[in-house]
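Have a look at the structure below, then the notes.
Every heavy atom of this structure was used, including side-chain atoms; hydrogens, water molecules and symmetry mates were not. Every number for a ligand or one of its atoms is a count from 1 in the order of the listing. Remember, predicted model here, so these are calculated numbers, not experimental data.
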Amino acid sequence: MTPTVAAIVILGQGSLATARRIQQRYPGALIHGLAGRVEGCDRQYTEFGATLRQLYQQDSPIIALCAAGIVIRTLAPLLLEKGVEPPVLAVAEDGSAVVPLLGGLGGVNVMAREIATALQVAPAITTSGELRFGTCLLNPPSGYSLGDLEQGKRFVSDLLAGEPVRIEGAAPWLDQAQLPQDAQARLAIRIDSAAGAPAADELRIYPRNVVIAVGAGTADVSTVIAQALAQADLAEQSLACLLAADSDMARPELQQAASALGVPLRFAEPVGDVAQWLEDALGQSVSIQAVGSIAIAVAAEPLDPQRIGRARGRLAVIGLGPGAAELMVPAVRAELDRATDVLGYETYVRMAGPFRADQVQHCTDNREEMQRARHAFELAAQGRSVVVVSSGDPGVFAMAAAVLEALHESSDPAWHQVDLEILPGVSASLATAAQAGAPLGHDFCVMSLSDNLKPWSIIEKRLDLAAQADLALAFYNPISRARPWQLGRALEIVAQHRTPDTPVVLGRDIGRPGQTLRVTTLGQLTPDQVDMRTLVIVGSSTTCVFPRAEGGHWVYTPRWYGDKPL
Ligand code: SAH
């Protein structure tokens with residue numbers, strides 16, 4: 001499951017000190033500052049509203065250092081759609097007030113108390129149940145789950161109306177609560193793992209103290225689990241996790257069963273029979289029942305899934321886009337936040353950061369691609385969540401192919417079990433084309449001019465044929481100190497098939513500080529105008545250029561070819 005990283009959002013430099021005090025309480029949280037106004041924060045944003053809404057939609061807890069009204073107005077359009085919401089708090093810039101706004105069931109009041117303690121002020125708690133009883137009954141601590149929310153709300157309003165309550169079962173966190181307890185009360189808070197619907201007068205809270213081990217190759221996993229729970233008279237809500245065999249790691253059926261139950265999947269190498277295996281994985285002796293290839297353990301206390309077996313490792317090969325944060329796809333941002341290890345060429349790892357102290361950065365030289373790919377699999381096969389970083393798109397002259405090649409060459413089953421995903425990014429040719437207009441608006445060809453990994457003769461052949469076919473051309477790796485003459489030769493070949501007035505676009509450091517965009521012609525282009533941070537686009541015979549109002553030019557290649565359609 002993705003750990004949720006809290007976002008501390010600030011608008012001005014004056015709030016940074018308060019933000020840092022809050023960050024000391026939540027070391028994983030990142031400070032997001034308005035670009036141009038705040039320096040020394042962890043992330044920069046350009047638009048407050050869009051940023052806040054995006055964080056909210058990603059379920060990130062939000063601590064906004066600004067007026068409560070601003071936060072409310074910004075999130076208002078999203079409020080009606082959302083069932084479960086993350087905690088959202090407004091904190092006064094000088095730290096003098098902490099106002100929980102949204103996310104009562106996500107623990108916003110708990111956060112408000114924690115932040116208020118850190119800032120040495122009183123939190124502005126307004127939830128009546130919480131004020132009266134000192135705890136939110138509908139938000140039990142981790143390790144416990146609430147039965148039915150709607151029934152729970154009615155239950156709390158009965159309590160607020162003055163009714164007494166009994167507690168049945170162990171609820172250590174309620175010891176400090178100021179509940180009107182009475183052994184004869186009609187209302188009961190019941191804490192146990194038994195199956196069955198709650199009675200009308202009950203608030204049911206389930207300890208997550210049940211683990212089911214699913215033997216290797218078990219068919220019909222979901223049905224078998226449901227039957228086993230029913231036979232043992234245990235509630236599904238009490239499941240802490242599923243334990244499966246290492247050899248079943250990649251089985252989609254298991255993933256589906258776990259996500260339908262809303263529990264993590266953990267893995268261990270089976271030893272002995274299924275009951276023995278489960279006991280070993282739990283590392284404690286608990287009551288275990290075996291039913292066919294399934295075993296169920298019920299512990300006295302909630303169980304922490306993190307301490308049972310290990311997770312399926314994950315390897316994501318991601319594209320950062322050209323550089324600007326707005327051009328990074330949200331799935332990539334989320335992947336970077338969940339990573340335990342980040343691998344890549346140092347420049348790109350730095351571009352992807354900053355990272356939390358618990359995230360390990362493995363920076364390597366740009367040329368060690370296969371070695372980096374193998375290292376990524378070694379880490380992921382240990383159950384870690386690994387990210388391999390590329391600029392632009394990872395599938396365009398970057399790490400995705402190297403990672404797949406390493407996997408293809410490997411016969412290690414642990415590598416093949418890794419949860420591998422490639423997440424796309426905006427490639428340099430697309431980012432450059434967009435800034436110039438639409439030079440790639442018709443058929444085009446993408447080539448790397450580097451002859452490090454392919455013979456120069458094949459580059460010449462492809463250039464010749466692509467230019468002859470009248471494709472627009474996008475050149476990556478156009479030139480470098482080690483490859484000084486190749487671009488000149490490439491342009492000579494293209495010039496055999498294109499007129500000197502063919503439009504050319506040069507995008508340098510697009511989406512990065514100091515970016516430049518130049519529109520010129522094939523006749524005027526010389527290799528000294530290009531370096532290794534440049535993307536070159538050569539138009540086709542139909543590519544057009546016209547002046548734009550702001551100065552400079554628009555470049556586009558029309559959708560049609562031949563005679564202009566009417
Ligand atoms: N995977 C990357 C390409 C890596 S190859 C992508 O999809 O964009 C490296 C080449 O990409 C560089 O030599 C340069 O030609 C081009 N490039 C990468 N980032 C760029 C940027 N921000 N601006 C212009 N060109 C860029």
Does Gly507 come within less than 4.0 Å of ligand 1, judged by its heavy atoms? yes
Check each of Arg508, Arg533, Met351 against atom 25 (N) of ligand 1 and report the one with the nearest heavy atom. Arg533
Part of Pro478 with heavy atoms under 4.0 Å of ligand 1, whether side chain, backbone, both or neither: side chain
May I ask you to check if ligand 1 and Asp393 share an N or O to N or O distance below 3.5 Å? yes
Cationic N near anionic O, under 4.0 Å, Arg372 to Glu369: no
Heavy-atom pair of closest approach, residues Pro322 and Ala431: CG-CB, 3.6 Å
Heavy-atom closest contact (Leu463 atom, Ala490 atom, distance): CD1-CB, 3.5 Å
Out of Thr534, Leu535, Thr432, Leu506, who gets a non-hydrogen atom closest to atom 15 (O) of ligand 1? Thr534
Is there any N or O on Val396 that sits under 3.5 Å from an N or O of ligand 1? yes
Aromatic ring pairing Tyr345/Tyr348, orientation class (parallel under 30°, perpendicular over 60°, tilted between): perpendicular
Short N-O contact, Arg356 and Asp42, less than 4.0 angstrom: no
Parallel, tilted or perpendicular, judged at 30° and 60°: which one describes the rings of Trp415 and Phe377? parallel
Given Leu320, Asn477, Val530, identify the one with the heavy atom nearest to atom 5 (S) of ligand 1. Asn477
Atom 23 (N) of ligand 1 sits nearest the protein heavy atom Ile510 N, 2.9 Å
For atom 4 (C) of ligand 1, the protein heavy atom that lies nearest, with its residue and separation: Phe397 O, 3.6 Å
Between His442 and Tyr561, what is the ring plane arrangement, given parallel below 30°, perpendicular above 60°, and tilted in between? parallel
Test item: side-chain donor near acceptor, Arg20 and Gln23, under 3.5 Å: yes
Of the protein's non-hydrogen atoms, which lies at the shortest distance from atom 13 (O) of ligand 1, and what is that distance? Met532 O, 2.6 Å
Which residue from Ser391, Ala431, Ala428 reaches closest to atom 16 (C) of ligand 1 through any of its heavy atoms? Ala428
Starting from atom 19 (N) of ligand 1, locate the nearest protein heavy atom and write down its residue, its atom name and how far away it is, to 0.1 Å. Arg512 NH2, 3.3 Å
What is the nearest protein non-hydrogen atom to atom 7 (O) of ligand 1, stated with its residue, atom name and distance? Ser427 OG, 2.6 Å
Among all protein heavy atoms, pick the one closest to atom 11 (O) of ligand 1 and tell me residue, atom and distance. Tyr476 CD2, 3.3 Å
Quick one: which ligand 1 atoms are inside 4.0 Å of a heavy atom on Ala398? 1 (N)
Of the non-hydrogen atoms in Ser60 and Pro86, which two are nearest, and what is the gap between them? O-CB, 3.5 Å
Looking at Glu346 and Arg350, is any side-chain nitrogen of the basic one under 4.0 Å from a carboxylate oxygen of the acidic one? yes
